[in-house]
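Per chain, numbering begins at 1; letters A, B, ... match sequence-line order. Everything numeric in this text was worked out from a predicted model, so none of it was measured.
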Number of protein chains: 2
Amino acid sequence: MQISSRFTIAVHILECIKYFEGRNAITSEFLAGSIGVNAVIIRRIISQLKAAGLVSVERGKTGIISARNLDDVTLYDVYSAVEAVSSDGLFHFHANPNPKCPVGKNIHDILDGTLREIQNSFEERMRSVKLKDLKPVTLDITE
Amino acid sequence: MQISSRFTIAVHILECIKYFEGRNAITSEFLAGSIGVNAVIIRRIISQLKAAGLVSVERGKTGIISARNLDDVTLYDVYSAVEAVSSDGLFHFHANPNPKCPVGKNIHDILDGTLREIQNSFEERMRSVKLKDLKPVTLDITE
DNA sequence: GGCAATGTAACACAAAATATTACAGGAGGA
DNA sequence: TCCTCCTGTAATATTTTGTGTTACATTGCC
């Protein structure tokens, strides 16, 4: 399977905040327009980003979403905020290997450590990229 | 989301072949018993492994699945055989970013390269592990 | 020919992601 | 104060993917 689009949507949201903060009122409706999904989807993801401490929302104030230190947010911060993988791990294991089979009995022993290492290096790779490392948004001077 | 259990099932299958080849008749029914899933699931995955050149099936011969050079098969070989990720990539991108928004217009430019690199290093990590690098199956001398 | 196993189609079901409508509640501004 | 805008969240629907199951044609050994 693929990592859900919640992740790219969340990065898109943060890039919008970086770009528009102070210039436009950033509402879920506004973000939905830029991203091309329903505003409720945006609000749910915003909730997750808020829970992770990446953004904060001043309620009632005609739609302002303010953030903090977004440049140093890593892709892992975003990923772990919106993806519910943490509990089960990246790899989905078949649930009922047969303990009466010598292979079935040992399959977790055979695989768990290595799969965990692969997951760890994947997450480490995500941690090594900060938002400021991404290609900057090309400024459109005609607008 | 998670990588589907097809991957761990496929590794389990290959470990069974390594362990039982020459000792037991290896049928989809037999494998289903060790792995704890339906035999049709096994047959479907066997088809994929066969298409990837990892195993071969001598049909009709009272259930024998023979393989080749399994020790040097990498986890990536198995992963790419059973996971349909190749076309879309590891990350699912939201489909309709707004080209009229400066961020929406550039979001692919901002992210695609970096996400591709992360996917590449993930796959490279999988390529670095061969089946013979996994923990060996503990031999049960009482059987 | 009979038997055992594969290869696949067809269908059912569950889980997750995504979309949509609805509405209660907070806060600023007239 | 009242109006309006926006958030937060529930409820529900739809789609997609993964998984389970039954059925059956086909293959090749005995």
Contact list (N/O, under 3.5 angstrom) for nucleotides 8-15 of chain C vs protein:
from: dT8(C); atom 1: O4; to: R43(B); atom 2: NH1; distance (Å): 3.3
from: dA10(C); atom 1: N6; to: R44(B); atom 2: NH1; distance (Å): 3.4

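Of the residues I42(A), I9(A), I45(A), the one that meets the side chain to side chain contact (heavy atoms under 4.5 Å, CB included) test with L31(A) is I42(A).
Between S5(A) and dA17(C) there is no side-chain N or O to OP1 or OP2 distance below 4.0 Å. Using a 4.0 Å cut-off, some side-chain N or O of S28(B) falls inside it from OP1 or OP2 of dT6(C).
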Side chain to side chain donor-acceptor pair (under 3.5 Å) between T8(B) and H92(A), intermediate numbers included
CA-CA 8 Å; T8(B) 58; H92(A) 182 10; over 6 Å; no

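Candidate nucleotides dG20(D), dT20(C), dT19(D) were compared by shortest atom distance to the side chain of V37(B), and dG20(D) ranks first. Side chain of T27(B), nearest nucleotide from dT6(C), dT19(D), dA17(C): dT6(C).
Residues I35(A) and I13(A) form a side-chain contact, since some pair of their non-hydrogen atoms from C-beta on lies under 4.5 Å apart. Counting heavy atoms from C-beta outward, K130(B) and V73(B) have side chains that stay 4.5 Å or more apart. In this structure the side chain of D112(A) never reaches within 4.5 angstrom of the side chain of R116(A), judged on heavy atoms. Using a 4.5 Å heavy-atom threshold, the side chains of K105(A) and K100(A) count as separate. Annotation: side chain of R6(B) is not in contact with side chain of H94(A) (no heavy-atom distance under 4.5 Å). Between Y19(B) and P102(A) there is a side-chain heavy-atom pair separated by less than 4.5 Å.
In this entry the distance linking CG of N38(A) with C1' of dT7(D) reads 14 Å, nearest Å. Atom pair F7(A):CZ and dA17(C):P shows a separation of 15 Å (rounding to whole Å applied). Atom pair H92(B):NE2 and dT18(C):C1' shows a separation of 9 Å (rounding to whole Å applied). If you take CD1 of I46(B) and P of dA5(C), they are 14 Å apart, rounded to a whole angstrom. The interatomic distance linking L31(A) (CG) with dC6(D) (P) rounds to 12 Å, in whole Å. Distance I35(A) CD1 to dT18(C) C1': 14 Å, rounded to the nearest Å. With rounding to whole Å, I9(B) atom CD1 is found 11 Å from dG20(D) atom C1'. Across the protein-nucleic acid pair, Q2(A) atom CD and dT16(D) atom P stand 13 Å apart, rounded to whole Å.
With sequence neighbours left out, the salt bridge (Lys or Arg N to Asp or Glu O under 4.0 Å) criterion links R43(B) to no other residue. With sequence neighbours left out, the salt bridge (Lys or Arg N to Asp or Glu O under 4.0 Å) criterion links R127(B) to E124(B). Partners of T114(B) by side-chain contact (heavy atoms from CB on, under 4.5 Å), not counting sequence neighbours, listed by chain and number: L75(A), V129(A), L134(A), I118(B).
Residues from residues 93-101 of chain B that place a heavy atom under 4.0 Å from any atom of DNA chain D: there are none.
Within the 3.5 Å criterion, the main-chain N or O of V40(B) finds a donor-acceptor partner in the side chain of N38(B).
Comparing the end axes of the helix from dG1(C)-dC30(D) to dA30(C)-dT1(D), each fitted to five base pairs by superposing C1' atoms of four pairs onto the next four, gives an inter-axis angle of 10° (nearest 10 degrees).
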